[in-house]
Amino acid sequence: MDVYEAVTSRRAVREFTDRRVPRQALERVLSTAAWSPSASNLQPWHAYVLTDGPLAGLKKRAGERLAAGDPWDEPEYEMYPPVLKSPYRERRSAFGEQRYGSLGIPREDLEARQRAAAANWECFGAPAALFCYIDRDLGPAQWSDVGMYLQTVMLLLRAEGLHSCTQMAWAKYHRTVAEFLAPPDELTLFCGMSIGFEDATVGYTRTGRAPLDETVVFVEA
């Protein structure tokens, strides 16, 4: 698979089979992803990979919290600005409409939307998950380095025939995740990432992208 194909075939998959992800594939991906760029080579990412019993235990515990109506853990970072300005507000709204519309869930059916969102904490059925942390003392530039690392991981997963879905949703249960991973106190959970083989029997709607002239300006002589 060439780089262009990896980039264009990567998407957030939300339906996985239970086919086991080979440990060797994960090791290849994460060993190679270590070459991701970072300012001054700080390499600020800290990744934990869960499979088998530990992942099943985490899913079960998260599901219990959800069923009990437990409030989310106090946020350790702001996922979105309190008020999204244009065009970001419209893009987010369009994504929600497309995501839930593809599931046949109307805007006003909040309960159905919540049920659909609950699949996050089942990792959408994926048999492997990565949890990415960053030192809480680092700044925005290092957070961008972590984003480049995660993108590299996702593209390398495509080269292995695997798919993924990054999930900031796991940060809402960061204390529960910490029960299973026991990260050092100085680390904060940025996101989880579901990893596995796509369930090709389930249809999907591909989210569109803004046209080039909306996001790129060429300055030429």
Side-chain angles (χ1 to χ4, degrees), residues 1-52 54-55 58-59 62 76-77 79 95 119-136 138-174 177-178 180-181 183-184 187-200 204 206-207 209:
M1 180 179 292
D2 69 22
V3 177
Y4 282 87
E5 185 181 358
V7 170
T8 55
S9 66
R10 186 221 61 82
R11 58 187 179 82
V13 166
R14 295 182 175 87
E15 294 286 350
F16 293 91
T17 71
D18 59 3
R19 178 181 169 190
R20 184 178 180 81
V21 176
R23 167 71 177 268
Q24 296 86 345
L26 293 173
E27 289 181 350
R28 281 193 299 271
V29 165
L30 296 173
S31 295
T32 306
W35 292 96
S36 298
S38 60
S40 298
N41 200 31
L42 293 189
Q43 305 167 72
W45 45 82
H46 298 263
Y48 294 75
V49 178
L50 263 67
T51 58
D52 304 322
L55 180 57
L58 174 58
K59 291 178 180 180
E76 295 192 299
Y77 68 91
M79 293 184 182
F95 165 75
N120 272 288
W121 295 288
E122 279 290 330
C123 292
F124 304 108
L130 179 149
F131 294 89
C132 189
Y133 286 79
I134 184 172
D135 193 305
R136 66 182 75 250
L138 296 178
Q142 288 73 54
W143 283 74
S144 73
D145 291 340
V146 169
M148 289 189 283
Y149 169 76
L150 292 169
Q151 172 77 341
T152 303
V153 169
M154 289 186 284
L155 296 182
L156 289 167
L157 288 169
R158 290 301 302 121
E160 296 283 349
L162 294 159
H163 271 285
S164 61
C165 182
T166 50
Q167 302 162 264
M168 288 192 296
W170 276 109
K172 298 179 184 296
Y173 281 167
H174 62 85
V177 177
F180 288 81
L181 303 182
L187 297 185
T188 185
L189 178 61
F190 173 38
C191 69
M193 180 190 294
S194 297
I195 299 171
F197 292 95
E198 179 186 10
D199 184 348
Y204 69 90
R206 187 72 190 268
T207 305
R209 292 295 185 270

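What you see is a predicted model, and the numbers here were worked out from it, not measured in a lab.
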Enquirer: Got Thr152 and Trp45 here, is their nearest side-chain heavy-atom distance under 4.5 Å?
Expert: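 Side chain of Thr152 against side chain of Trp45, heavy atoms only: no contact under 4.5 Å found.
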
Enquirer: For the CD atom of Gln43 and the CG atom of Asp145, what is their distance to the nearest 0.5 Å?
Expert: 10.0 Å

Enquirer: Is the shortest side-chain heavy-atom distance between Cys191 and Leu150 below 4.5 Å?
Expert: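 Of all side-chain heavy-atom pairs linking Leu150 with Cys191, at least one is under 4.5 Å.
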
Enquirer: Check for a donor-acceptor pair, side chain of Gln167 on one end and backbone N or O of Asn120 on the other, with a separation under 3.5 Å.
Expert: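 Yes, Gln167 side chain to Asn120 backbone: donor-acceptor pair under 3.5 Å.
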
Enquirer: So, Gln142 side chain and Gly139 main chain: donor-acceptor pair closer than 3.5 Å or not?
Expert: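 Looks like yes, one N/O pair under 3.5 Å.
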
Enquirer: Using a cut-off of 6.0 Å, state whether more than 12 heavy atoms not belonging to Arg19 lie near its atom CZ.
Expert: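 Not buried by this count: 12 neighbours or fewer within 6.0 Å.
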
Enquirer: Hey, is the main chain of Thr207 close enough, under 3.5 Å, to the side chain of Arg209 for a donor-acceptor pair?
Expert: yes

Enquirer: Is there a side-chain contact between Cys123 and Lys59, using heavy atoms and a 4.5 Å cut-off?
Expert: yes

Enquirer: Mind checking the SG-CZ spacing from Cys165 to Phe16? Nearest 0.5 Å is all I need.
Expert: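 Those atoms lie 6.5 Å apart.
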
Enquirer: To the closest 0.5 Å, what do you measure between CG (Leu130) and CE (Met154)?
Expert: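 Reported value, rounded in 0.5 Å steps: 10.5 Å.
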
Enquirer: Just wondering, do Leu162 and Phe197 contact through their side chains at under 4.5 Å, heavy atoms?
Expert: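 Answer yes - side chains close enough.
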
Enquirer: Return the CE to NZ distance between Met79 and Lys172, rounded to the nearest 0.5 Å.
Expert: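 The CE atom of Met79 sits 4.5 Å away from the NZ atom of Lys172.
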
Enquirer: For residues Asp135 and Leu187, determine if any side-chain heavy atom of one lies less than 4.5 Å from a side-chain heavy atom of the other.
Expert: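 Asp135 vs Leu187: side chains touch.
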
Enquirer: Once rounded to the nearest 0.5 Å, what's the spacing between atom CE of Met148 and atom OG of Ser36?
Expert: 8.0 Å

Enquirer: Please confirm whether the ring centroid of Phe190 lies under 6.0 Å from the ring centroid of Tyr77.
Expert: yes

Enquirer: Does Ser144 use its side chain to pair, donor to acceptor, with the backbone of Ala141 at less than 3.5 Å?
Expert: yes

Enquirer: Would you say Tyr133 and Val177 make side-chain contact, with heavy atoms under 4.5 Å?
Expert: yes

Enquirer: What's the spacing between Leu138 CG and Thr188 OG1 if we round to 0.5 Å?
Expert: 11.0 Å

